[in-house]
4 protein chains.
Amino acid sequence: MNTSPSSLRRSESSRRATLDAALDLCTERGYGRVTIEAIAARAGVSKKTIYRWWPSKSAVLLEAFTEMLVSATPFVDTGDIAKDLRTHLTGAVNVLAVPPFGPAYAGILSELHHDDQLAETVRRQLIDPRFDEAVGRLRSAQEQGQIPPDADLDLAVEMLYGPLYYRHVLRKPMQDAQDVGKLVDHVLRSLGAAER
Amino acid sequence: MNTSPSSLRRSESSRRATLDAALDLCTERGYGRVTIEAIAARAGVSKKTIYRWWPSKSAVLLEAFTEMLVSATPFVDTGDIAKDLRTHLTGAVNVLAVPPFGPAYAGILSELHHDDQLAETVRRQLIDPRFDEAVGRLRSAQEQGQIPPDADLDLAVEMLYGPLYYRHVLRKPMQDAQDVGKLVDHVLRSLGAAER
Amino acid sequence: MNTSPSSLRRSESSRRATLDAALDLCTERGYGRVTIEAIAARAGVSKKTIYRWWPSKSAVLLEAFTEMLVSATPFVDTGDIAKDLRTHLTGAVNVLAVPPFGPAYAGILSELHHDDQLAETVRRQLIDPRFDEAVGRLRSAQEQGQIPPDADLDLAVEMLYGPLYYRHVLRKPMQDAQDVGKLVDHVLRSLGAAER
Amino acid sequence: MNTSPSSLRRSESSRRATLDAALDLCTERGYGRVTIEAIAARAGVSKKTIYRWWPSKSAVLLEAFTEMLVSATPFVDTGDIAKDLRTHLTGAVNVLAVPPFGPAYAGILSELHHDDQLAETVRRQLIDPRFDEAVGRLRSAQEQGQIPPDADLDLAVEMLYGPLYYRHVLRKPMQDAQDVGKLVDHVLRSLGAAER
DNA sequence: CGTTAAGCGAGACGGTACGTCGCGTCTTGCG
DNA sequence: CGCAAGACGCGACGTACCGTCTCGCTTAACG
């Protein structure tokens, strides 16, 4: 997560104050209204210090966001693939549902088309690892015979995450349990999985 | 599409010059770098005139974008639901693939979380009509017995558009025909449609 | 005095507010502590407006200073060259003696070695005209026979202004009447003028 | 010249590197562009070390400048007061004519109005001693009858140095020999000295 | 077939935030 | 323990755009 040049002398307290201030402001004003000036003022930190360690506002929020998302959407294997997918997706839906994370993530996504480096970072740190984890869980289900051997697992994951992003981006957030359950069932069925 | 107060004296040439300049700049610099100042300068139009007719930069681009998207993604009914869905989705993928429309749309989407009015406009003018059209096409297939009567058509449409948005937002655009075909097949299968 | 690009639309009230604020701040804090930010805030004017019409802080103060100096140090011709020189120099001494003009002028002078354009402006607008006026007054005295025909009038003026600047720069300001009188007498005697 | 707290452990090599770097930068960029940061970087010295031994940028340059000026403008007594004054003033003119000393001195002078302590230091170390020396030389000439007993020697010195400063400050440097000669002659004549 | 009010270009204005620079203070670890 | 290295809070820099606001000018509709 460290986007900085290597340094042994970085002030951890400045780092924390910056990340916290950034998320607070994101909640209070919305991503678009957050400014580096305000983060610096709120955190009691100089702008120079922020620019020293992060290339942009989005990078600050990304760091805060990532720290948190990882722990909120675990990937467990209880043997029941449908249940595990529901658990995972429900975690993601819940994270996006609560400020400041939903708005913050929407804001970060919005920068991806203007900032190649950020896009690369987001994919490498946030998207790809979780995507791979999801594929991995499906593969283990496949090995246990719950899913046909020729199923397209990558596509399946995209079909799971896709509607979630679609709704988030268009600000029609998913309404938790019921929606998620139906989505998982449909995706599994599309793979030719045996009905439960 | 006209967001303006009614007027008989509005200059059509200024309108066109503004929209064209906005799209040009979006191609050249990317959405995030487009400014009202630059649009005005490029179009040879005064800032006042732009503010008179549009509430924001996004509204300008939305107008230009919408004009164009509608004609590019028609909804036909050939009797073959899989084929028609592929045709429609392929149109959408192609629009998003070419500058300036992909970047412009990404930019517009990015404003949705900061601008409630724009979000409402986008949903009403752009998203909902096409969503409804897609549901309608599925329903007619349902009536023809190609899809079971209890299928969740709304969810189906979200599963179709979802991956497309997911990929667009994350800047991993879909690679056209093959991807689209597999996606349509999976979604139809998830509805319990008879295999072709 | 107008250092601006030609414009018919310049706001006179902004101009005045800027100049007044600049002089006030110069009095309160001293030249070195005056900042463009503070001038703008005090004057209720945007920084952009200041930068639009003046190239630097010194230029702002120069304009205010010049407006004022010209009227304070008139050159009259009473027929008595010694008396007229005393009148003129005393005016200059007095201007430099009162805040904010003394400190402001010292500040402007201090920029002259870092800012070629300002140096040129100061010489053209402030120094040379008054120098020439002084030479002119001496010449008319020369024509009236009060000064020998071969006297070096340029040098004379430098000998008059020199000590004044010397003292001002080194912050040992002249103590008015007596000092000025002696200086004038010595300079006239150095020219070979008849004693009074 | 040492403005430091007493210390036996001060590094002479740091001192030299600092002074040299300061003068170099003054030549390259002009006084106004010299910064402590740059001096430290150029000298390979930490900022802390500079702040430990000097109170300000001007103090650094003053130390470098003074070291050098003293030796360049000697006061000799050959018995001919006009000649000795010319020698002395010509030395001063020459010092001011060559970078980095002219610009450096102008820079130092410019700080005098913002920095009372520096002003005091400059007067005590640089100005007053040379002023007194000049008065002393005139007095010895007076005792030898070359100058009338009631001549105002202080004023005379100001008339000598004044034009030199006037010209330096306004960046119209004196052109050496001829100018200096005429100035000295006029000042002596103004004192009522016998013509040579 | 003028008159007159609008839309228009130009761009100045008060603002906010930008990203950078240098200040002077401070801490860390090397020699 | 003095030093280099350099992070830190601070605050000003000069720039870019924002959205609002006159200005004259053109220009089409109505009287």
Side-chain angles (χ1 to χ4, degrees), chain A residues 4-5 7-15 17 33-41 43-57, chain B residues 4-5 7-15 17-18 33-41 43-57, chain C residues 4-5 7-15 17 33-41 43-53 55-57, chain D residues 7-11 13-14 17 33-41 43-57:
Chain A
S4 72
S7 167
L8 299 175
R9 317 271 283 284
R10 177 169 189 181
S11 157
E12 175 58 21
S13 68
S14 291
R15 197 187 83 99
R33 302 301 201 251
V34 175
T35 64
I36 300 269
E37 301 255 346
I39 296 173
V45 143
S46 79
K47 285 200 293 176
K48 177 107 190 192
T49 297
I50 296 181
Y51 284 112
R52 192 159 16 227
W53 302 112
W54 292 280
S56 66
K57 172 177 71 166
Chain B
S4 73
S7 167
L8 297 175
R9 309 195 34 194
R10 177 169 188 182
S11 157
E12 175 57 19
S13 69
S14 290
R15 197 187 84 99
T18 301
R33 303 299 201 253
V34 175
T35 65
I36 299 270
E37 302 257 348
I39 296 173
V45 142
S46 90
K47 285 198 292 173
K48 178 102 190 187
T49 298
I50 296 181
Y51 284 112
R52 189 156 25 223
W53 303 111
W54 293 277
S56 66
K57 171 177 73 165
Chain C
S4 71
S7 167
L8 299 174
R9 317 270 284 280
R10 177 168 187 183
S11 158
E12 175 58 21
S13 67
S14 291
R15 197 187 83 100
R33 302 301 201 249
V34 175
T35 65
I36 300 269
E37 300 256 345
I39 295 174
V45 142
S46 77
K47 283 199 293 174
K48 176 101 191 192
T49 297
I50 296 181
Y51 285 112
R52 197 165 8 234
W53 302 111
S56 66
K57 172 177 73 165
Chain D
S7 168
L8 297 175
R9 310 202 26 199
R10 177 169 188 181
S11 155
S13 69
S14 291
R33 302 302 201 252
V34 176
T35 65
I36 299 268
E37 303 257 348
I39 295 174
V45 144
S46 91
K47 287 199 292 173
K48 178 100 189 186
T49 299
I50 296 181
Y51 285 113
R52 190 155 25 223
W53 303 111
W54 293 277
S56 67
K57 171 177 73 165

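Here is the naming used below: chain letters follow the sequence lines, and residue numbers restart at 1 for every chain.
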Which atom of [X] lies closest to which atom of [Y], heavy atoms considered:
X	Y	answer
Ser56(A)	Ile36(A)	C-CD1, 4.5 Å
Ala17(D)	Ala43(D)	O-CB, 3.5 Å
Ala40(B)	Ser46(B)	CB-C, 4.3 Å

DNA chain E: 5'-proximal contact among Ala38(D) and Gly44(C) (nearest heavy atom):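 Nearer the 5' end of the strand: Gly44(C).
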Whichever of Glu37(A) and Glu37(D) has its nearest DNA chain E nucleotide further upstream toward 5':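 That would be Glu37(A).
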[X] [atom1] to [N] [atom2]: how many Å, rounded?
X	N	atom1	atom2	result
Lys57(B)	dA16(F)	NZ	C1'	13 Å
Tyr51(D)	dC8(F)	OH	C1'	14 Å
Arg33(B)	dC18(E)	CZ	P	14 Å
Ile39(D)	dA4(F)	CD1	P	14 Å
Ile50(B)	dT20(F)	CD1	P	13 Å
Arg9(C)	dT20(F)	CZ	C1'	14 Å

Check: dG19(E) base within 3.5 Å donor-acceptor of Lys47(A) side chain: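 Donor-acceptor pair under 3.5 Å: yes.
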Where the side chain of [X] is concerned, which of [options] is the nearest nucleotide?
X	options	value
Lys48(B)	dC3(F), dC21(F), dC13(F)	dC21(F)
Thr35(D)	dG22(E), dC18(E), dC13(E)	dG22(E)
Thr49(D)	dT22(F), dA4(F), dG9(F)	dA4(F)
Ile36(B)	dG14(E), dT22(F), dG19(F)	dG19(F)
Ser11(C)	dC13(E), dG22(E), dC8(E)	dC13(E)
Ser46(D)	dC13(E), dG19(E), dA4(F)	dA4(F)
Val45(A)	dG9(F), dC18(F), dA5(F)	dG9(F)

Is there a side-chain contact between [X] and the phosphate of [N], meaning an N or O under 4.0 Å from OP1 or OP2?
X	N	result
Arg52(D)	dG2(F)	no
Trp53(A)	dC8(F)	yes
Ser56(A)	dG19(E)	no

Lys/Arg cation over aromatic Trp53(C): Arg9(C), 6.0 Å, 45° cone: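 Cation-pi check for Arg9(C) and Trp53(C): fails.
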Side-chain heavy-atom pair Thr49(B), Arg52(B) within 4.5 angstrom cut-off: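 Side chain of Thr49(B) against side chain of Arg52(B), heavy atoms only: contact under 4.5 Å found.
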